[in-house]
Amino acid sequence: AMAASRLARLWQPGAPQTRALLPDFWMAALEPPTVGRYRLPPNCVKFEVDMRMSKHDIREYLEKVYGAPVRSVRTEVQMGEIMWQNKIDLQYKRAMWKEEDKKFAYVFMEKGYDFKWPMMFSDNEEVREIQAGKDEKERMDQNSVFANSDRGGVGKFIS
């Protein structure tokens with residue numbers, strides 16, 4: 001069971017005893033690339049998790065809070081980047097700065113489970129603006145066929 005260190009509210013006689021689970025840990029789902037060596041199968045979800053979380057904590061969190069059909073959990077701790085002042089500091093391992101380590105969890109769901117990312121921007125101004133920019137770029141590309149058509153091949157690459 002997950003422990004929550006927060007104290008429950010002071011209970012007054014006659015008041016209903018309300019309980020709220022406020023876990024001490026946090027999890028953030030990350031969108032992995034769809035192509036290349038870092039792509040994941042459709043039933044796998046990548047999370048950045050709190051360094052103190054164990055595989056068991058991750059499984060319990062997803063099963064109890066979200067009712068996710070977790071099959072297995074694999075974790076990876078990625079060392080933070082180390083910055084050196086100069087070559088001598090690197091030689092004698094005197095680090096100037098080191099970023100925090102990060103912990104990632106690869107959660108495999110039951111077979112056939114297909115995790116779909118929610119559409120963050122459905123039909124709002126930002127999406128329309130992006131689409132308008134794409135359309136404008138397409139129009140500019142079409143115009144480049146006709147632009148400078150009187151130059152007679154000057155400035156074109158020889159193929």
Side-chain angles (χ1 to χ4, degrees), residues 1-87 89-141:
M2 283 190 333
S5 64
R6 292 173 182 83
L7 296 171
R9 275 192 160 158
L10 184 63
W11 180 74
Q12 299 292 332
Q17 288 193 357
T18 54
R19 300 266 189 261
L21 174 70
L22 297 169
D24 291 332
F25 303 131
W26 56 268
M27 292 178 71
L30 301 174
E31 195 163 3
T34 53
V35 293
R37 59 187 280 212
Y38 296 110
R39 70 184 187 279
L40 297 173
N43 67 328
C44 181
V45 187
K46 183 180 179 181
F47 293 95
E48 185 177 347
V49 299
D50 193 291
M51 280 295 287
R52 297 166 295 172
M53 283 184 98
S54 66
K55 289 181 184 183
H56 180 72
D57 289 330
I58 294 163
R59 176 186 288 271
E60 289 287 303
Y61 190 98
L62 291 171
E63 283 178 350
K64 297 278 179 4
V65 177
Y66 295 104
V70 178
R71 195 181 75 196
S72 71
V73 178
R74 299 176 188 186
T75 56
E76 168 199 14
V77 175
Q78 203 174 73
M79 191 176 79
E81 196 178 328
I82 298 172
M83 280 155 249
W84 313 96
Q85 189 76 31
N86 52 41
K87 280 185 179 176
D89 285 350
L90 174 61
Q91 182 185 343
Y92 292 109
K93 302 289 183 273
R94 293 188 300 231
M96 178 189 159
W97 179 259
K98 182 181 176 292
E99 289 178 358
E100 290 285 319
D101 294 347
K102 292 181 178 181
K103 189 172 200 172
F104 297 100
Y106 298 90
V107 181
F108 289 84
M109 307 296 179
E110 289 172 2
K111 285 231 192 269
Y113 181 90
D114 194 7
F115 180 76
K116 289 274 187 268
W117 279 91
M119 182 63 185
M120 297 304 286
F121 309 106
S122 56
D123 186 35
N124 61 15
E125 195 179 320
E126 193 172 343
V127 171
R128 285 193 294 270
E129 218 172 279
I130 291 167
Q131 190 57 45
K134 286 179 182 175
D135 294 343
E136 183 66 29
K137 186 184 180 313
E138 204 171 292
R139 277 197 299 279
M140 295 294 280
D141 290 347

Side chains of residues 40-48: which donor-acceptor pairs under 3.5 Å do they make with residues two or more places apart or in other chains?
{"unit_1": "N43", "atom_1": "ND2", "unit_2": "M109", "atom_2": "O", "d": "3.1"}

> Who pairs with E129 by side chain to side chain donor-acceptor pair (under 3.5 Å), at least two apart in sequence or on another chain?
Replying inline: none

>> Would you say that more than 12 heavy atoms from the other residues, nucleotides or ligands in this model lie under 6.0 Å from the CZ of R74, or not?
In response: no

> Mind checking what makes side chain to side chain donor-acceptor pair (under 3.5 Å) contact with R52, not counting sequence neighbours?
Replying inline: D50

> N86 and D89: which non-hydrogen atoms are nearest, and at how many Å?
Replying inline: OD1-N, 2.9 Å

> ring-ring contact (aromatic ring centres under 6.0 Å, His included) with F115: which residues, sequence neighbours excluded?
Replying inline: W117

> Roughly how far apart are D57 CG and T75 OG1, rounded to 0.5 Å?
Replying inline: 11.0 Å

> What residues, two or more places apart in sequence or in another chain, satisfy side-chain contact (heavy atoms from CB on, under 4.5 Å) together with Y38?
Replying inline: P33

> Can you list the residues that meet the salt bridge (charged side-chain N to carboxylate O under 4.0 Å, His left out) rule with R71, with sequence neighbours excluded?
Replying inline: none

> Is there side-chain contact between H56 and V73, with at least one heavy-atom pair below 4.5 Å?
Replying inline: no

>> Which residues pass the side chain to side chain donor-acceptor pair (under 3.5 Å) test with D135, not counting sequence neighbours?
In response: Q131

>> Once side-chain hydrogen bond (donor to acceptor under 3.5 Å, both in side chains) is applied, what residue pairs with a partner in residues 96-105 remain, sequence neighbours excluded?
In response: K98-D101

> Taking only residues two or more places apart in sequence, or in another chain, which ones meet W84 in a side chain to side chain donor-acceptor pair (under 3.5 Å)?
Replying inline: none

> Does the side chain of Y61 come within less than 4.5 Å of V49's, by heavy atoms?
Replying inline: no

>> So, using salt bridge (charged side-chain N to carboxylate O under 4.0 Å, His left out) as the criterion, who are the partners of E136 when residues are at least two apart?
In response: R139

> So which pairs with a foot in residues 104-115 pass salt bridge (charged side-chain N to carboxylate O under 4.0 Å, His left out), sequence neighbours left out?
Replying inline: D114-K116

